[in-house]
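Reminder, nothing fancy here: chain letters follow the sequence lines and each chain counts from 1. If you're wondering where the values come from, they're calculated on a predicted model, not measured in any experiment.
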2 protein chains.
Amino acid sequence: MTTLKDLSRHLGLSVTQVSRAINDHDDVSASTKERVREAAKELGYSVNLTARSLVTGRTGMVCLIRDGHLNLPEHTSGFEVISGLSMEFSQRGYQFNLQMTPEGTDPVKVYKKAVASGSFDGFILTDATVNDERVALLEELGVPFVVHGRVGEDPKHAYFDIDNYGVALHQVRHLTTLGHKRIGLLNGRDGYVYSESRIDGYKDGLAEAGIAFDDRLIRSGPMIEDQALISTIAMFQDIDPAPTALICSNILLAKGAYHALSALNLSIPQDVSVIAHDDVLSSIRASAFYPALTVTKSPFEDGYSVIADILCSRIDPSQKDVESVEVPFKFIERASTDKPA
Amino acid sequence: MTTLKDLSRHLGLSVTQVSRAINDHDDVSASTKERVREAAKELGYSVNLTARSLVTGRTGMVCLIRDGHLNLPEHTSGFEVISGLSMEFSQRGYQFNLQMTPEGTDPVKVYKKAVASGSFDGFILTDATVNDERVALLEELGVPFVVHGRVGEDPKHAYFDIDNYGVALHQVRHLTTLGHKRIGLLNGRDGYVYSESRIDGYKDGLAEAGIAFDDRLIRSGPMIEDQALISTIAMFQDIDPAPTALICSNILLAKGAYHALSALNLSIPQDVSVIAHDDVLSSIRASAFYPALTVTKSPFEDGYSVIADILCSRIDPSQKDVESVEVPFKFIERASTDKPA
DNA sequence: TTTCATTTCCGAAACGTTTCGGATATGATT
DNA sequence: AATCATATCCGAAACGTTTCGGAAATGAAA
């Protein structure tokens, strides 16, 4: 392995000056920089990141920790996020560390250890829960981190988020404006911030229209097709009069809902209107539905580069702060929503 | 941050002795070790991995590099592998680094840089291709690595692999023994070792039975349902007489084949026998087929811990070598194969 | 000529750990 | 009393880099 000392000997320069040449400091003459660059290439020099880290205190590594083995299709979006983030950070010169912990591991322990090891400059948090203890911990420890999602109202931490509240509110408004009064919600798992925000938007939307809230009309669970199949059928069996409209928190749930409604011999939108939120994942396209699906839409992938930018700016004080963002959504009315019968 | 020096001051011991106590060397008295442990907990000490790396030359990090964004469903297995490996390495005290490079990046450059950075103790290679240049490079550089798959016959490098040749050979034998003479193969993408091995086994199986090879009966491509749909229909339209049996290189392809045969109004197994290889991914279960699918089977997940063991043993010379393995497959005859009509 | 700013350089210290070689104390053996 | 083995400890060097403070050379300004 070639070191700075080797280079300095070879060039008749001090180690200091070679280091400064390589890092492009401005008290090195252009000609020296050129000589150093050439020698470095010739001797195959490349900076030892470990040694650099020891003195700078920065490792150039960011870490994403996930609990439990990822299985499909529930974690499709989780995978896409990992893939997208890894690429973004690579391109910014950071190493992306993925740490999968066995199901049910105490996050506080894991994060404490990860921080204490000093190996990471920052963390990316996904699947934020209400009152997420990881956020409190990392804030207390003073470590840079960014959350895919948001915990609490108007949080201090850096985040990238979708307007989940607004999405649900808009969906309900669209349906109530059409005249619907009994609106079902197929939602994600309880406890996650995005799920709870959707519920808030849903409730406020109903309240605006003067519709009483009926908790039988909300079904929570993994956002997969089979879950929607079960929830939809259960909902239409249990509740009389049955809902006239259905909100699906993602496209997979919509697929299951379509299937269930078809099985129940109900037509979309004549018997039941369906509206969904589209994360625009590469695997499931909203365009493939018949009848065409009315959606709110905010592409997941819009977030990867933003998240990377935010975290990098938090890590490197020389960069100017990138603000947290809440991306707006689009509304696309297609054929799956109409007036109630 | 608490350092060894802080601990040593606090305890009235030398830095040396504290270090040796923490690393459980045997020239430290039991009582001292206990005192050190307590003080470490009290002061919240945790070893600085960067500093340790600098002197030991090992970082405790392994790296997996992938080219191009992962999309579903083609890369389902890739995702499961990443998830599984990350967990295994975490449990062994290693950091798992995932580096996604933009599509088409030159792997030699990327790996050279990764090795030169000195950040990684070892590499995991997936999606091995015939004459994989990464293998030659890493061998030349003398870096520990393990391949999920195998390049070349009887390779020197460490690997975990499935008996792909044997799988295809067995599948063909089963079909020829039943009396089939025209056997189609829906295979993975060309160029990958596993695909080519399957072809070798397929050809040898045909040769054993004295059946001439017909290249129209092999279709290569991404191992996804839609590809099988296209390939199967094309095969049955183009070739006269049509095949009486179909080998599918994985379960997704089998799903597409079932769909296509149903569309073509052909019955399984009366008109066409179908046999597939089952990687046992959590997302697609072979058991869900009707008629029940005859398979060869070797679970992907069997490999994660083996791969981790192999690489760890290559990295840490104090551990005894774990040998490369080729796992055997099981054969499960179900209802999708029978004599030709 | 002297002074001063600018450019270009360098030695030494520091980051936190491990390890090498040796030191000291204790008690047993000769 | 002298020798030796054992258990326990320690100082100093080393890993490869960055950075602090200052030095030397150059040319312009006084």
Can you tell me if the side-chain N/O atoms of T32(A) get under 4.0 Å from OP1 or OP2 in dC9(C)? yes
Selection from dT19(D), dT18(D), dT17(C) that lies nearest to any side-chain heavy atom of L4(B): dT17(C)
Heavy-atom closest pair (S46(B) atom, A116(A) atom, distance to 0.1 Å) is OG-O, 3.2 Å
Distance check needed: dC20(D) C1' versus H25(A) NE2, whole Å only. 13 Å
Atom-pair distance (CG on L11(B); P on dC10(D)), nearest Å: 10 Å
Contact class for N23(B) vs. all strands (heavy atom < 4.0 Å): base, sugar-phosphate, or nothing? sugar-phosphate
Rounded to whole Å, CG of D27(A) lies from P of dC10(C) at a distance of 11 Å
Closest approach to the side chain of S14(A), judged atom by atom: which nucleotide of dT19(C), dG11(C), dT8(D) is it? dG11(C)
Whole-Å distance separating the CG atom of L7(A) from the P atom of dG16(D): 13 Å
Step by step, work out the side-chain contact (heavy atoms from CB on, under 4.5 Å) result for V130(B) and V151(B). CA-CA 6 Å; V130(B) 187; V151(B) 338; over 6 Å; no
Rounded off to whole Å, could you give me the CG-to-P distance for the D24(B) and dT18(C) pair? 13 Å
Name the residue from V15(A), V47(A), T16(A) that meets the side-chain contact (heavy atoms from CB on, under 4.5 Å) definition with L4(A). V15(A)
Has Q17(A) got a side-chain N or O lying under 4.0 Å from the OP1 or OP2 atom of dC10(C)? no
Parallel, tilted or perpendicular: rings of H148(A) and F160(A) (30°, 60°): tilted
CG of D6(B) versus C1' of dG16(C): gap in Å, rounded? 10 Å
Base, sugar-phosphate or nothing for S19(A)? Non-hydrogen atoms, less than 4.0 Å. base
Over 60° means perpendicular and under 30° means parallel, so classify the ring planes of Y111(A) and F123(A), tilted if in between. tilted
How about CD on E326(B), more than 12 heavy atoms from neighbouring residues, nucleotides or ligands closer than 6.0 Å, or not? yes
Residues of residues 43-58 of chain B with any non-hydrogen atom less than 4.0 angstrom from an atom of DNA chain D: list those, numerically ordered, please. L54(B), V55(B)
Of the options R66(B), R189(B), R134(B), which is the one that meets D127(B) in a side chain to side chain donor-acceptor pair (under 3.5 Å)? R66(B)
Over all strands shown, is T16(A) touching base, sugar-phosphate only, or nothing at heavy-atom distances under 4.0 angstrom? base
Nearest to the V15(B) side chain among dT8(D), dT19(D), dT18(C), which nucleotide is it? dT18(C)
Report the residue (I22(A) or R20(B)) whose heavy-atom-nearest nucleotide on DNA chain D is the more 5′ of the two. R20(B)
